[in-house]
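Please read the structure below before turning to the comments.
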Amino acid sequence: MNNNNMTMKNLPNTNLSSLFASTVAAGDGGQLFPHVQAFEILLAIFVFIAIHALRQKRKQGLPVWPVLGMLPSLASALQTNNVYDWITDVIRSQNGTFRFKGPWLSSLNCVVTADPRNVEHLLKTKFPNFPKGSYFSDNVRDLLGDGIFSADDETWQRQRKTASIEFHSARFRTLTTETLVELVHARLLPVLEDSIKHFVTLDLQDVLLRLTFDNVCMMAFGVDPGCLRQGLPQIPFARAFEDATEATVLRFVTPTCVWKAMRYFNVGMERNLRQSIREVDEFADNVIRTRKRELSAQSGDGGDNEGESAKKRLDLLTVFMGLKDEKGERFSDKFLRDICVNFILAGRDTSSVALSWFFWLLDRNPEVEGKILEELCRILAEREEVKNKKKGEVVSENGLVFRAGEIKKMEYLQAAISEALRLYPSVPVDHKEVVEDDKFPDGTELKRGTKVIYAIYTMGRMEAIWGKDCRDYKPERWLRDGKYMSESAYKFTAFNGGPRLCLGKDFAYYQMKFAAASIIYRYRVKVVKNHPVVPKMALTMYMRHGLKVKLFRREESELQKYFKI
């Protein structure tokens, strides 16, 4: 020990290398050196990889790590309040298009774009080359089967053609408007009034989801689940359907081999998905069996009246039950189930989610609400019975039902709803797959099998598309001389575009305008102070925490000033 101390004292200028060398020579303590050296080497390698990954960020939008690709950035973004804002920032930094590189040998590689030229190329110009594809259909098949939302080619064309004929028939339009009047006035407004009577807050998103769910079930299945009624009861089918859509979307951010393994072992999110789909299937199967018995009984007893009654049923289930496939055979129960579940997804979430964001935006922009109210009063003032009233006398909300012709005249209201859809589209992103090698108009090379995502949410926030005020809620951008003017479907893609343009677009606008006008004329909707409003990652753009609101009845004096105008 003393000898060692003397050695240290006699070598005051010894450098670090000499010190380690002497330590090695001393015996067992020398075992430390190899470990320190290995640590330094690993640290140097890590620093080199990190610097290289961060340099890739400038060129490719996100750091690219060995083996993991861009997955760490995605995993981090999923923990944020709004993953869609994260996507937007990345796309904007890459001038509208970037390539996401997933882990090696994974299914997460894709091209993400928000360039209208590319979107038109996808949805219209080269439509046959960009189907939904096997990746999308594999992810959603357990829930949606071979329905119109996920189908391609002949299966999709046959369903769309049949549905299109029904959607545009006069009888179907009459049925939908009559059903909507009943749902809004016999159910929605009493529920809202009840919240005022008992001084309680209301989750408006939940209420609107119940409204559209009852409506679309009547249209698709011809049954009324009764979700929207006082007390807001839990409906197992509705709960299961929502849980199933949430679990399905998680597959898109999970490597395919992982979620398929989870499905095989029936664990985690896949176990929840299986249970939810079982409940959805039970509901659909019961409805299909019941409808078949009804139609069989009506056709078997020879009664003309009952036969005519069956023919008059206009729900999609009954329509498809009366058709045959290309082999001349009736459609299977599984096919009928897929059709109806797809139309419920398309018709339930889109309108209700859009209206939720619309009312949230109105609360933040009271001047827009004032302009809508002014328009409603101006339209009501044109009624013949109103013209005979004294000037400034209001139309009582008791028993007031907006007429179909009046809904069509609500130009500013449609602009305000469209502006909400621009900023918060019901479907924030959509998916395609490349059949043959291609190239986008912006020069991006597309290899066969490449997955392509077009970011609808991001498109509403691109200055190159909407100008420097693109993040502002401004309904006036949709008006020309006071008239509503729609934009290109490849600039405003909330209703898709090209051959897949939403069949229910006109009905969706009518439904949203009717419900919104009926509420706004009667109530002021105020979002609860400090209530967190952020989007939820799902197939459609739910608010993660709902929309907690308090309703206040409109004073007659407030309406009176608009009637005077």
Heavy-atom pair of closest approach, residues [X] and [Y]:
| X | Y | value |
| --- | --- | --- |
| Gly546 | Asp203 | CA-OD1, 3.6 Å |
| Pro225 | Ile235 | O-CD1, 3.8 Å |
| Arg330 | Met321 | NH1-O, 3.3 Å |
| Leu345 | Leu539 | CD2-CD1, 4.3 Å |
| Ala114 | Thr458 | CB-CG2, 3.8 Å |
| His185 | Pro190 | O-CD, 3.4 Å |

Exercise for the section: Sorted by first residue and then second, give each salt bridge (Lys or Arg N to Asp or Glu O under 4.0 Å) pair with at least one member in residues 204-232; sequence neighbours left out. Expected result: Arg187-Asp214, Arg187-Asp224, Asp206-Arg210
Handout entry: Within residues 493-511 or reaching into it, pairs that qualify as salt bridge (Lys or Arg N to Asp or Glu O under 4.0 Å) - sequence neighbours excluded
Key =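 Output for this query lists Asp152-Arg500.
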Exercise for the section: Could you go through the side-chain contact (heavy atoms from CB on, under 4.5 Å) check for Arg278 and Arg274 one step at a time? Expected result: CA-CA 6 Å; Arg278 187 181 297 120; Arg274 181 173 295 180; 3.8 Å; yes
Side-chain heavy atoms of [X] within contact of [Y], under 4.5 Å:
| X | Y | value |
| --- | --- | --- |
| Phe440 | Val452 | yes |
| Ser137 | Lys132 | no |
| Arg461 | Asp85 | yes |
| Ser351 | Met512 | yes |
| Val435 | Phe130 | no |
| Phe359 | Ile519 | yes |
| Cys217 | Ile344 | yes |
| Tyr523 | Ile196 | yes |

Practice task
Report the C-alpha separation of Leu228 and Leu183 in whole Å, then their side-chain angles, then the decisive distance to 0.1 Å, and conclude whether the side-chain contact (heavy atoms from CB on, under 4.5 Å) test is met.
Solution key: CA-CA 8 Å; Leu228 183 61; Leu183 286 171; 5.5 Å; no
[atom1]-[atom2] distance between [X] and [Y], expressed to the nearest 0.5 angstrom:
| X | Y | atom1 | atom2 | value |
| --- | --- | --- | --- | --- |
| Leu446 | Asn129 | CG | CG | 8.5 Å |
| Leu273 | Met262 | CG | CE | 10.5 Å |
| Glu436 | Arg448 | CD | CZ | 5.0 Å |
| Lys513 | Glu411 | NZ | CD | 6.5 Å |
| Leu400 | Tyr521 | CG | OH | 6.0 Å |
| Asp430 | Leu123 | CG | CG | 8.0 Å |

With sequence neighbours excluded, residues passing ring-ring contact (aromatic ring centres under 6.0 Å, His included) with [X]:
| X | result |
| --- | --- |
| Tyr454 | none |
| Phe492 | Trp478 |
| Trp357 | Trp360, Tyr424 |
| Phe149 | none |

Handout entry: Arg271 CZ: over 12 foreign heavy atoms closer than 6.0 Å
Key =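 Atom CZ in Arg271 is not packed in, count stays at 12 or less.
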Handout entry: Over 12 non-hydrogen atoms of neighbours within 6.0 angstrom of NZ in Lys124
Key = no
Exercise for the section: Please find out if less than 6.0 Å separates the ring center of Phe343 from that of Phe320. Expected result: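 No.
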Exercise for the section: Please check if the distance between the ring centroids of Phe514 and Phe402 is under 6.0 Å. Expected result: no
Handout entry: Modelled atom types, side-chain donor and acceptor of Thr176 and Tyr510, under 3.5 Å
Key =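 Looking only at side-chain atoms, Tyr510 and Thr176 do not form any donor-acceptor pair under 3.5 Å.
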Problem - Between Asn118 and Tyr490: side-chain donor-acceptor atoms closer than 3.5 Å - result: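 Result is no, nothing qualifies.
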Partners of [X] by salt bridge (Lys or Arg N to Asp or Glu O under 4.0 Å), sequence neighbours excluded?
| X | value |
| --- | --- |
| Asp338 | Lys334 |
| Lys292 | Asp333 |
| Glu406 | Arg383 |
| Asp194 | none |

When the side chains of residues 247-257 are checked against the rest of the protein, which donor-acceptor pairs come out under 3.5 Å, sequence neighbours left out?
residue : atom : partner : partner atom : Å
Thr248  : OG1  : Ala244  : O            : 2.8
Arg251  : NE   : Glu270  : OE2          : 2.9
Arg251  : NH1  : Asn139  : O            : 2.8
Arg251  : NH1  : Asp142  : OD2          : 3.4
Arg251  : NH2  : Asp142  : OD2          : 2.7
Arg251  : NH2  : Glu270  : OE1          : 2.7
Thr254  : OG1  : Leu250  : O            : 2.7
Thr256  : OG1  : Ser107  : OG           : 2.7

Handout entry: Salt-bridge contact Glu242-Arg348 (side-chain N to carboxylate O under 4.0 Å)
Key = yes
Problem - Electrostatic pair Glu193:Arg522 at N-O distance under 4.0 angstrom - result: no
Exercise for the section: Output, in order, the C-alpha distance, side-chain angles, deciding distance and verdict of salt bridge (Lys or Arg N to Asp or Glu O under 4.0 Å) for Arg141 and Asp138. Expected result: CA-CA 5 Å; Arg141 180 169 285 116; Asp138 285 347; 2.9 Å; yes
Practice task
Run the numbers on Phe495 and Tyr509 for ring-ring contact (aromatic ring centres under 6.0 Å, His included), then give the verdict.
Solution key: CA-CA 11 Å; Phe495 292 95; Tyr509 267 123; 5.2 Å; yes
Problem - Any donor-acceptor pair under 3.5 Å from Asn496 side chain to Cys502 backbone - result: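 Not a single qualifying donor-acceptor pair exists.
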Exercise for the section: Using the ring of Tyr135 (Phe, Tyr or Trp, six-membered ring only), decide whether Lys451 places NZ or CZ under 6.0 Å from its centre and within 45 degrees of its axis. Expected result: yes
Practice task
Dump the intermediate steps for side-chain contact (heavy atoms from CB on, under 4.5 Å) on Arg291 and Leu336, then the final yes or no.
Solution key: CA-CA 11 Å; Arg291 184 60 40 75; Leu336 295 172; over 6 Å; no
Practice task
Please test Arg239 against Glu279 for side-chain contact (heavy atoms from CB on, under 4.5 Å), starting from the C-alpha separation and ending with a verdict.
Solution key: CA-CA 9 Å; Arg239 179 75 261 171; Glu279 291 189 51; over 6 Å; no
Exercise for the section: Enumerate the residue pairs fulfilling ring-ring contact (aromatic ring centres under 6.0 Å, His included) with a member in residues 264-287, sequence neighbours excluded, ordered by first and then second residue. Expected result: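 For residues 264-287, and leaving out neighbouring residues, the ring-ring contact (aromatic ring centres under 6.0 Å, His included) pairs sorted by first residue read Phe221-Phe283, Phe237-Phe283.
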